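Report on the structure given below.
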2 protein chains.
Amino acid sequence: MCRMARPRKPLLSRDRIVAVAGALVDAEGLAAVSTRRLAAELGVSGPSLYNHFRTKDEILEAVADAVSARVDLSMFDPDAGRDWRAALHDWAVSYRAALADHPNIVPVLVRGPGRRPAGLRVADAVFGAMVRAGWPPAQATRIGALLRFFVTGSALGSFAAGFVDDASAYDPADYPHLGQAHLLAERQERIDRDAFETGLRALLDGLALQHAALPDPAGGGPGPRDNRGDRGGRDDDGSVATER
Amino acid sequence: MCRMARPRKPLLSRDRIVAVAGALVDAEGLAAVSTRRLAAELGVSGPSLYNHFRTKDEILEAVADAVSARVDLSMFDPDAGRDWRAALHDWAVSYRAALADHPNIVPVLVRGPGRRPAGLRVADAVFGAMVRAGWPPAQATRIGALLRFFVTGSALGSFAAGFVDDASAYDPADYPHLGQAHLLAERQERIDRDAFETGLRALLDGLALQHAALPDPAGGGPGPRDNRGDRGGRDDDGSVATER
DNA sequence: ACCTGAACACCGTTCAAGT
DNA sequence: ACCTGAACACCGTTCAAGT
């Protein structure tokens with residue numbers, strides 16, 4: 001009966017806030033998350049959240065980071081025995097699957113890894129593995145970036161999603177090639193997945209051509225060089241000349 | 001002096017609203033666009049906007065469409081004499097440039113072409129040109145989608161943007177490969193552009209391998225088939241078996 | 001330290017009223 | 001037809017007050 005202002009045991013924790021916020025985003029979308037609504041879901045009043053996060057945006061960032069943290073990175077482990085191409089493929093597939101499981105948070109996620117720890121762990125793992133595979137550091141940076149472009153783009157901007165399932169919206173005189181556009185809507189997921197697979201294969205095929213054209217690594221050893229721990233750190237910032 | 005409720009000449013038009021909204025988005029970002037703020041910028045009161053658009057979101061969609069409309073599509077014109085690869089390259093570059101000119105509207109743009117006319121014109125142009133170049137219709141659909149994934153992903157989710165320009169945020173013990181991370185921030189634009197170029201080349205190289213492996217088009221004519229106007233329209237919906 | 005209600009300065013949208 | 005002010009049901013965030 002005692003309606004206290006503060007219970008002996010804290011009602012909230014960052015983890016619980018993030019878990020409930022994530023569930024709410026998944027169930028009802030980003031727009032459903034207001035501080036008042038989220039607080040109600042947690043059984044507290046709105047301003048209570050500000051004891052644990054500085055802004056609502058920080059809460060959403062934490063939700064996004066939790067999703068990023070679920071992306072498998074084990075394929076970049078040197079002990080996993082995956083070559084760079086197989087590792088990139090597995091990573092992209094795992095990355096896309098994680099985003100597809102939580103599509104509503106993707107708009108937050110794509111704002112960049114930011115200070116989110118999981119985003120940084122990903123960038124570090126990709127970079128390290130590509131350098132170990134013989135890619136110049138500047139190129140390793142680009143590969144991490146461009147694969148992220150492709151995966152997040154495929155998770156966010158469904159191409160087929162645009163085609164509304166309403167044939168009357170499309171006058172064939174305006175769009176001579178889109179007569180079947182309304183059919184595309186119902187097959188959206190299939191098309192997006194096929195486009196993702198086609199694009200990923202093309203991307204990896206194209207990168208393989210570039211990798212094959214790489215000069216032998218300095219020192220001329222037979223195996224792939226492994227420079228964990230002793231990179232000079234002076235050419236991993238993009239300062240290496242581009243090759244075109 | 002007469003403060004009339006309605007002037008003899010309308011104060012607003014859809015075009016003027018879109019133009020001012022676009023300028024506001026460019027100058028101060030999406031968050032700065034409230035109906036009241038936009039109306040003030042237009043010299044009217046908030047609710048006036050609802051005489052021209054049904055929702056605020058429709059206004060933003062129109063702004064996004066205006067940006068889409070500025071993407072060059074002339075490279076897909078059969079008279080332009082560009083092969084499919086050169087046309088895709090030029091389109092991707094033009095597309096990215098249009099988005100880079102108006103980065104703040106990109107989150108709206110990536111929600112899909114929707115009913116926006118410009119988005120549909122783009123999809124139609126790419127699809128038509130790819131089919132003319134001999135790609136099976138299902139594959140032509142995928143190519144449009146996957147290039148859109150890559151271009152929008154590169155415009156939205158800057159990889160380097162995540163690295164805050166503050167070395168203290170990165171404990172080398174946590175991220176062994178990111179010692180120079182704070183340097184990345186100031187080179188963000190360069191890295192993103194290089195990653196885009198590297199990825200685009202890889203994508204096109206990879207697609208060229210797939211195109212070269214295509215069986216000869218039915219009918220066995222020497223030139224690329226041109227089926228403008230007489231596609232059956234029954235296999236452009238993704239029903240063609242994938243080749244993996 | 002952690003939660004509360006009240007309050008501030010906003011939102012998008014509706015609507016009756018004006019001309 | 002097109003614009004207005006008033007109003008409704010919200011926002012994110014701050015803050016003094018409680019324990």
Side-chain angles (χ1 to χ4, degrees), chain A residues 1-25 27-64 104-105 107-108 111 114-115, chain B residues 1-25 27-65 104-105 107-108 111 114:
Chain A
M1 74 221 327
C2 49
R3 52 168 71 91
M4 287 181 287
R6 174 180 177 250
R8 60 195 66 224
K9 192 94 201 243
L11 295 171
L12 294 178
S13 68
R14 286 177 65 96
D15 282 352
R16 200 164 88 84
I17 292 170
V18 171
V20 172
L24 186 55
V25 169
E28 304 189 31
L30 267 183
V33 183
S34 72
T35 54
R36 285 169 173 87
R37 171 74 195 279
L38 173 57
E41 218 81 28
L42 286 157
V44 298
S45 77
S48 302
L49 300 170
Y50 292 86
N51 287 299
H52 302 269
F53 289 92
R54 269 188 319 209
T55 62
K56 173 190 164 181
D57 206 60
E58 263 188 16
I59 299 175
L60 293 176
E61 292 282 329
V63 171
N104 296 337
I105 198 64
V108 175
R111 298 200 290 233
R115 289 170 177 271
Chain B
M1 62 189 9
C2 47
R3 50 168 73 91
M4 286 181 288
R6 174 179 177 250
R8 62 194 65 227
K9 191 94 200 243
L11 296 171
L12 294 178
S13 68
R14 285 177 67 96
D15 282 352
R16 200 165 87 82
I17 291 170
V18 171
V20 172
L24 186 54
V25 168
E28 305 188 33
L30 268 183
V33 183
S34 72
T35 54
R36 285 168 172 89
R37 172 73 194 280
L38 173 57
E41 218 82 27
L42 286 158
V44 299
S45 77
S48 302
L49 300 170
Y50 292 85
N51 287 298
H52 303 268
F53 290 91
R54 267 188 320 208
T55 62
K56 173 189 163 182
D57 206 60
E58 263 189 15
I59 299 175
L60 293 176
E61 293 282 331
V63 172
D65 197 53
N104 296 337
I105 198 65
V108 175
R111 297 200 290 231

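Keep in mind it's a predicted model, so treat the numbers as computed, not measured. Within every chain, numbering begins at 1; the chains are lettered A, B, ... in the order of the sequence lines, protein sequences first and strands thereafter.
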Derivation and outcome, side-chain contact (heavy atoms from CB on, under 4.5 Å), residues B/Ile17 and B/Glu41: CA-CA 10 Å; B/Ile17 291 170; B/Glu41 218 82 27; over 6 Å; no
Just to be sure I follow the notation: if a pair is Watson-Crick (purine N1 to pyrimidine N3 plus N6-O4 or O6-N4) or a G-U wobble (N1-O2 and O6-N3), each under 3.5 Å, what dot-bracket string does DNA chain D give, with | for pairs to another strand? ||.|||||...|||||.||
CZ of A/Arg36 to CG of A/Leu49, rounded to nearest 0.5 Å, is 11.0 Å
Between D/dT4 (P) and B/Leu11 (CG): distance, integer Å: 7 Å
In whole Å, I'd like the distance from the CG atom of A/Leu49 to the P atom of C/dG5. 13 Å
To the nearest Å, give me how far apart CZ (A/Phe53) and P (D/dG12) are. 15 Å
Begin from the C-alpha positions of A/Phe53 and A/Val18 and carry the test side-chain contact (heavy atoms from CB on, under 4.5 Å) through to its verdict. CA-CA 10 Å; A/Phe53 289 92; A/Val18 171; 3.7 Å; yes
Under 4.0 Å from OP1 or OP2 of D/dT4: is there any side-chain N or O of B/Ser45 that close? yes
Could you write out each protein N or O paired with an N or O of nucleotides 9-11 of chain C at a distance under 3.5 Å?
{"from": "C/dC11", "atom 1": "OP1", "to": "B/Ser34", "atom 2": "OG", "distance (Å)": "3.2"}
{"from": "C/dC11", "atom 1": "N4", "to": "B/Arg36", "atom 2": "NH2", "distance (Å)": "3.4"}

Rounded off to whole Å, could you give me the CG-to-C1' distance for the A/Leu42 and C/dC2 pair? 14 Å
Is A/Asn104 reaching over with its side chain to a backbone N or O of A/Val25, donor-acceptor style, under 3.5 angstrom? yes
Rounded to the nearest 0.5 Å, how far apart are CG of A/Leu11 and NE2 of A/His52? 8.5 Å
What nucleotide, of D/dT4, C/dC3, D/dT13, holds the atom closest to the side chain of A/Tyr50? D/dT13
Between A/His52 (NE2) and C/dC2 (C1'), how many Å, whole number? 6 Å
Full working for side-chain contact (heavy atoms from CB on, under 4.5 Å) between B/Leu12 and B/Leu42: CA-CA 8 Å; B/Leu12 294 178; B/Leu42 286 158; 3.9 Å; yes
To the nearest angstrom, how far is A/Ile59 atom CD1 from D/dT13 atom C1'? 12 Å
So B/Val33 and B/Val63, side-chain contact (heavy atoms from CB on, under 4.5 Å) or not? Walk me through it. CA-CA 12 Å; B/Val33 183; B/Val63 172; over 6 Å; no
Rounded to whole angstroms, how far apart are CG on A/Leu60 and C1' on D/dG12? 12 Å
Within the distance-only criterion (no hydrogens, no angle test), does the side chain of B/Glu58 pair as donor or acceptor with the backbone N or O of B/Arg54 below 3.5 angstrom? yes
Picking from C/dT14, D/dG12, C/dC3, which would you name as closest to the side chain of B/Pro47? C/dT14
Residue pairs passing the side-chain hydrogen bond (donor to acceptor under 3.5 Å, both in side chains) test where at least one lies in residues 10-24 of chain B, sequence neighbours excluded: none
B/Leu38 atom CG is separated from C/dT13 atom C1', nearest whole Å, by 15 Å
